[in-house]
Number of protein chains: 2
Amino acid sequence: MNPSSANVAERRLAPPSLAISTVIFALRPSEKSGRPTLWLPLVRRIREPYKDMWALPGGPLAHDESLQDAASRNLRETTGLTPHYLEQLYAFGGLHRSPTQRVVSIVYWALVQPTEAALADESENVRWFRADRVDELAFDHKAIVEYALWRLRNKMAYGSIAYHLLGEYFTLAQVREVYEAVLDRQLDPANFRRHIKATPEIEETGEYLQGGKHRPPRLYRFTGTPGLGPDNRSTP
Amino acid sequence: MNPSSANVAERRLAPPSLAISTVIFALRPSEKSGRPTLWLPLVRRIREPYKDMWALPGGPLAHDESLQDAASRNLRETTGLTPHYLEQLYAFGGLHRSPTQRVVSIVYWALVQPTEAALADESENVRWFRADRVDELAFDHKAIVEYALWRLRNKMAYGSIAYHLLGEYFTLAQVREVYEAVLDRQLDPANFRRHIKATPEIEETGEYLQGGKHRPPRLYRFTGTPGLGPDNRSTP
DNA sequence: CCAAAAGTGTTCTTATTACACCCATGC
DNA sequence: GCATGGGTGTAATAAGAACACTTTTGG
């Protein structure tokens, strides 16, 4: 049996390997307008296949960690960040995702706060990209990012998720900017503020944001629960 | 190294094994009222762990089949059915789901038509249960069934999914019965029919259902697409 | 004719949208 | 005082719930 047929046999017989990857979203100011836009960190592959291409942070699942812990860990390892929101996205298991072996990837998606995101590690092999402008990535990661973005938009339109992209205190205009950045359309400020104020998880504080050029806006706080999904006992 | 420490070492070092399971829903007439209710087939375990307990149909992932194909296969193997709707539910990967080894299960959920479900294989080791009355199952399968049921209810409230539990032709009252069975509450017939007729995927036929005791209701047809999820290029 | 489900109309309530307007601050 | 974003009011429209009413069948 020569080496190449050994590889073929190995591939046929070995069980599919299991990996965890994470799509990490954070707000950063756009270079041009300065308005907040969605970004995500990618890592450069240093090995074949897809050597030198950008890919989602990820890696194998350790024997003694849960799926979510693994996602949390590779988020911390690549960016130094801890997520304020972390949820399973999907398990991708197509036969030809990787040219060298069969890989099943369980992908999570995360939201991190902008104050943290600004401090995130960046290096030769870790760089942030605009979420709506990713070019070709390794494996099927471009499709995964697009799906994660679709899911984020969907959740934002229904659930109370935007707050996980903001700090503890925020103005209603900041919440609106998050919606506008993610959904990519303008929203009526008057109606939007009423809409948000109607959600019970939003609490008015006595504080105001000082230092702006105009009337100081009131600061609010989010009192809802981050957790979702069957593992966290709630609603995906 | 004695056998028991060998097992421990094996468990620590072996990668988590990967399995596919499926929650299969179908409508069947209730024994009492005769009204349609939700049922699902379970299989009896013939080996440890959880020997003799009921469990979701499932098994390992073959090296040359996609995740969805595997789900479709174990659906066919246990019940003889082909699903009219099949979608990924969630990947369960808790550390202690199985007492003997670490198992990550990628779970799908399916809807099958009642005409088929009536013919489904049933045997000593395959039996149908009412979906809202499952008792203790093997592993974490009870929680999985409850989560699948939650997801079905959620999708039914928003999307066009009820039709996959019905045959090709159906009356609006039958659609309403599906909603009432799944959501477990009465719906106003007048408002419900308007709501359904407003969906563009519902097509009126010239046919009427004959043989009833009263005025023959018109038959309708569903013209929408079943597919969802990133693998099928659409919307979960 | 009567019972019962099929199917239509009408009213009331509530959410969404568009947009006019007032308020408070820095400059 | 004036420009600007913060914040409130209001009228028009759309969507949903409640329920009275007409139609068509089998018996």
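Order of the sequence lines fixes the chain letters, A, B, ..., with proteins taken first and strands second; residue numbering starts at 1 for each chain.
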Asks: Write down the distance between NE2 (His195(A)) and C1' (dT14(C)), rounded to a whole number of angstrom.
Replies: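 So the two atoms are 15 Å apart, to the nearest Å.
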Asks: Output the rounded distance in Å from CD (Gln210(A)) to C1' (dT25(C)).
Replies: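 That distance rounds to 10 Å.
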Asks: Could you check whether Tyr90(A) and Phe92(A) have their ring centres less than 6.0 Å apart?
Replies: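 That pair passes the under 6.0 Å test.
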Asks: Atom NZ of Lys213(A) and atom P of dA3(D): how far apart are they, to the nearest Å?
Replies: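 Taking NZ of Lys213(A) and P of dA3(D), I get 16 Å after rounding.
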Asks: Name the orientation class of the two ring planes belonging to Phe222(A) and Tyr163(A) (parallel below 30°, tilted from 30 to 60°, perpendicular beyond 60°).
Replies: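 Taking Tyr163(A) first and then Phe222(A), their aromatic rings lie parallel (interplane angle under 30°).
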Asks: I want to verify a distance call: between dG9(D), dA20(D), dA24(C), whose nearest atom is closest to the Arg215(A) side chain?
Replies: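 Selected nucleotide (nearest to the side chain): dA24(C).
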Asks: Look at the side chain of Pro217(B) and decide which nucleotide, out of dT17(C), dA6(C), dT25(D), has an atom nearest to it.
Replies: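 Selected nucleotide: dA6(C).
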Asks: Applying a 4.0 Å non-hydrogen cut-off, can you work out what Arg218(A) is touching in the nucleic acid: base, sugar-phosphate, or nothing?
Replies: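 Sugar-phosphate, no base atom in range.
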Asks: Is the ring pair Tyr147(B)/Trp150(B) parallel, tilted or perpendicular, if the boundaries are 30 and 60 degrees?
Replies: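 Rings of Tyr147(B) and Trp150(B): parallel, as their planes differ by under 30°.
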Asks: In whole angstroms, how far is the P atom of dT4(D) from the CG atom of Leu209(A)?
Replies: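 Rounded to the whole Å, the gap is 19 Å.
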Asks: Is there a side-chain polar atom (N or O) of Arg193(A) under 4.0 Å from OP1 or OP2 of dT8(D)?
Replies: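 Yes, because at least one side-chain N or O of Arg193(A) sits under 4.0 Å from OP1 or OP2 of dT8(D).
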Asks: Rounded to the nearest angstrom, tell me the gap between atom CZ in Phe192(A) and atom C1' in dA18(C).
Replies: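 From Phe192(A) CZ to dA18(C) C1': 17 Å.
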Asks: Take His214(A) and Leu172(A), find for each the nucleotide of DNA chain D with the closest heavy atom, and name the residue whose nucleotide sits nearer the 5' end.
Replies: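 Final value for this comparison: His214(A).
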Asks: Tell me what Ala173(A) touches on the nucleic acid: a base, only sugar-phosphate, or nothing, going by heavy atoms under 4.0 Å.
Replies: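 The residue Ala173(A) makes sugar-phosphate contact but no base contact.
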Asks: What is the distance from CG of Asn191(A) to C1' of dC21(C), rounded to the nearest Å?
Replies: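 Atom CG in Asn191(A) sits about 14 Å away from atom C1' in dC21(C).
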Asks: On a plain distance test, is the side chain of Arg194(B) in donor-acceptor contact with the base of dG16(D) below 3.5 Å?
Replies: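 Check fails, no donor-acceptor contact within cut-off.
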Asks: Within the side chain of Thr22(B), is there an N or O that forms a donor-acceptor pair under 3.5 Å with the backbone of Ile24(B)?
Replies: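 Side chain of Thr22(B) to backbone of Ile24(B): no pair is present.
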Asks: Figure out the CG/P separation between Leu187(B) and dA17(D), and round it to whole Å.
Replies: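 After rounding, the reported distance stands at 9 Å.
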Asks: Can you tell me which nucleotide in dT4(D), dC19(C), dG9(C) comes closest to the side chain of Ala190(A)?
Replies: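 Shortest atom-to-atom distance from the side chain points to dC19(C).
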Asks: Can you measure Asp188(A) atom CG to dC19(C) atom P for me and round it to whole angstrom units?
Replies: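 Interatomic distance, CG of Asp188(A) to P of dC19(C): 9 Å.
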Asks: What do the steps show when you test Tyr169(B) against Tyr220(B) for ring-ring contact (aromatic ring centres under 6.0 Å, His included), and what is the final call?
Replies: CA-CA 6 Å; Tyr169(B) 297 94; Tyr220(B) 292 79; over 10 Å; no
